[in-house]
Amino acid sequence: MLRIPCPWCGERDVGEFHCGGEAHIARPSGADTIDDDAWAEYLFMRQNPKGSHHERWSHAHGCRRWFHVVRDTDSDQVLAVYLMNEAPPDLPGRSS
Amino acid sequence: MAEPGKIRSALAHCAIDGVVAKSGLDASISEQAFVGKVVLRGNPSDSEFLATVRGALELDLPLAPNTSSETPPVSALWLGPDEWMLICAPGSEAAVVDSLNAALAEGHSTVVDVSDAYTVLRLSGPASRTILAKGCALDLHPRAFAFGDVARTMIAKADVILHQTADETDDGGPVFDVYVARSFADYLWRWFDKIIN
């Protein structure tokens, strides 16, 4: 069973959470001028790595707050948790 | 038939009060109907906000996650980093809302009376933790969840707010108040009934 450490509530069962997909995807500026390819890149293209993955999660059935999780998609290990306004932590030996 | 104009509890049809486990589990369950519940949101790092709430209710809001505070007759449950539920006696919620609204008129905050949105199932007795553990993934050992602790979590897939209101050493303890949405109350009550009997 996957357990996720909510930055506020502490470690809880994954069933209490909702995954919001890949994190740190910046909306391109000039949305009315960029071409469809660039827009599609922003909307649809995701990394899908085997290894560390930066994700947004929400503690939907707990404190209802959003936060970031770095999760190993292979082992399901949670490598780091940080707040929405924080920069991703350095994880030695891991690339994202 | 519900009488028009008369308040009716979420579990009025269930004959729930004082149900005692027949299975040998030492626990009983009852509904705490019509308890006043007010959701307060505001910035916990704003000392003026905290001071204003203290002035209005003579109550320090709990700032540590998963905790509660109490100045009778009002207690405050931590629901999130900027969200609390204030619990007060049946019928007194309007006074709590009015006093907070008057005091917090200047700042950035919200006060909402949610008394009728939730009901409270009170589970008490030495077997309470065993019964809760049947449907809840939280660590409910006394060293992890003790008197005064609060958790927003799930019991048997129903969203609840769990609050321990009496210790193991208290007479008839421990006691857990389970706040559940009115629409889930019937389901959760039937689940408890099945577990304890």
Side-chain angles (χ1 to χ4, degrees), chain A residues 1-27 50-91 96, chain B residues 39-45 61-68 76-85 110 112 114 117-118 132-141 143-146 148-164 178-181 183-184 187-188 191:
Chain A
M1 185 65 82
L2 181 60
R3 306 269 290 171
I4 293 176
C6 168
W8 289 280
C9 303
E11 197 178 85
R12 296 288 183 93
D13 199 88
V14 68
E16 291 188 13
F17 297 85
H18 166 77
C19 182
E22 188 178 327
H24 307 301
I25 294 170
R27 184 186 169 94
K50 182 179 181 183
S52 350
H53 191 222
H54 293 71
E55 296 168 338
R56 297 174 305 176
W57 285 77
S58 140
H59 194 185
H61 300 280
C63 63
R64 307 194 305 189
R65 295 308 180 284
W66 285 91
F67 57 97
H68 287 127
V69 172
V70 188
R71 184 178 62 93
D72 189 313
T73 57
D74 191 24
S75 66
D76 242 357
Q77 201 185 352
V78 175
L79 303 169
V81 170
Y82 54 105
L83 302 183
M84 290 312 274
N85 57 357
E86 289 177 341
D90 282 334
L91 297 169
S96 56
Chain B
V39 167
L40 168 66
R41 295 194 65 175
N43 183 359
S45 45
L61 290 174
L63 300 182
N66 306 324
T67 59
S68 62
L77 315 185
W78 184 95
L79 297 187
D82 59 5
E83 187 174 7
W84 298 267
M85 186 181 271
T110 64
V112 182
V114 297
Y118 296 87
L132 289 171
K134 192 86 179 162
C136 180
L138 275 187
D139 183 356
L140 292 166
H141 190 280
R143 72 172 167 252
F145 200 91
D149 282 356
V150 173
R152 240 185 188 177
T153 183
M154 290 193 289
I155 296 175
K157 298 181 183 172
D159 279 19
V160 298
I161 301 162
L162 187 63
H163 180 209
Q164 186 175 340
V178 180
Y179 294 76
V180 62
S183 54
F184 273 82
Y187 158 75
L188 194 64
W191 182 85

- Message: Which residue in the set A/Q77, A/H53, A/E55 passes side-chain hydrogen bond (donor to acceptor under 3.5 Å, both in side chains) when paired with A/R71?
- Response: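 The passing option is A/E55.
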
With only heavy atoms counted, which part of [X] is less than 4.5 Å from chain A, the side chain, the backbone, both or neither?
X	answer
B/D82	both
B/A64	neither
B/L79	backbone

- Task: Describe, in one word, how the ring planes of A/Y82 and A/H24 are oriented to each other, choosing from parallel (under 30°), tilted (30 to 60°) and perpendicular (over 60°).
- Result: parallel

- Of A/E16, A/R65, A/H59, the largest count of non-hydrogen pairs under 4.5 angstrom with chain B goes to A/R65

- Query: Within a reach of under 6.0 Å around CG of A/N85, are more than 12 heavy atoms found that belong to other residues, nucleotides or ligands?
  - Reply: yes

- Message: Atom CZ of residue position B/F184 - does it have more than 12 heavy atoms of other residues, nucleotides or ligands inside 6.0 Å?
- Response: no

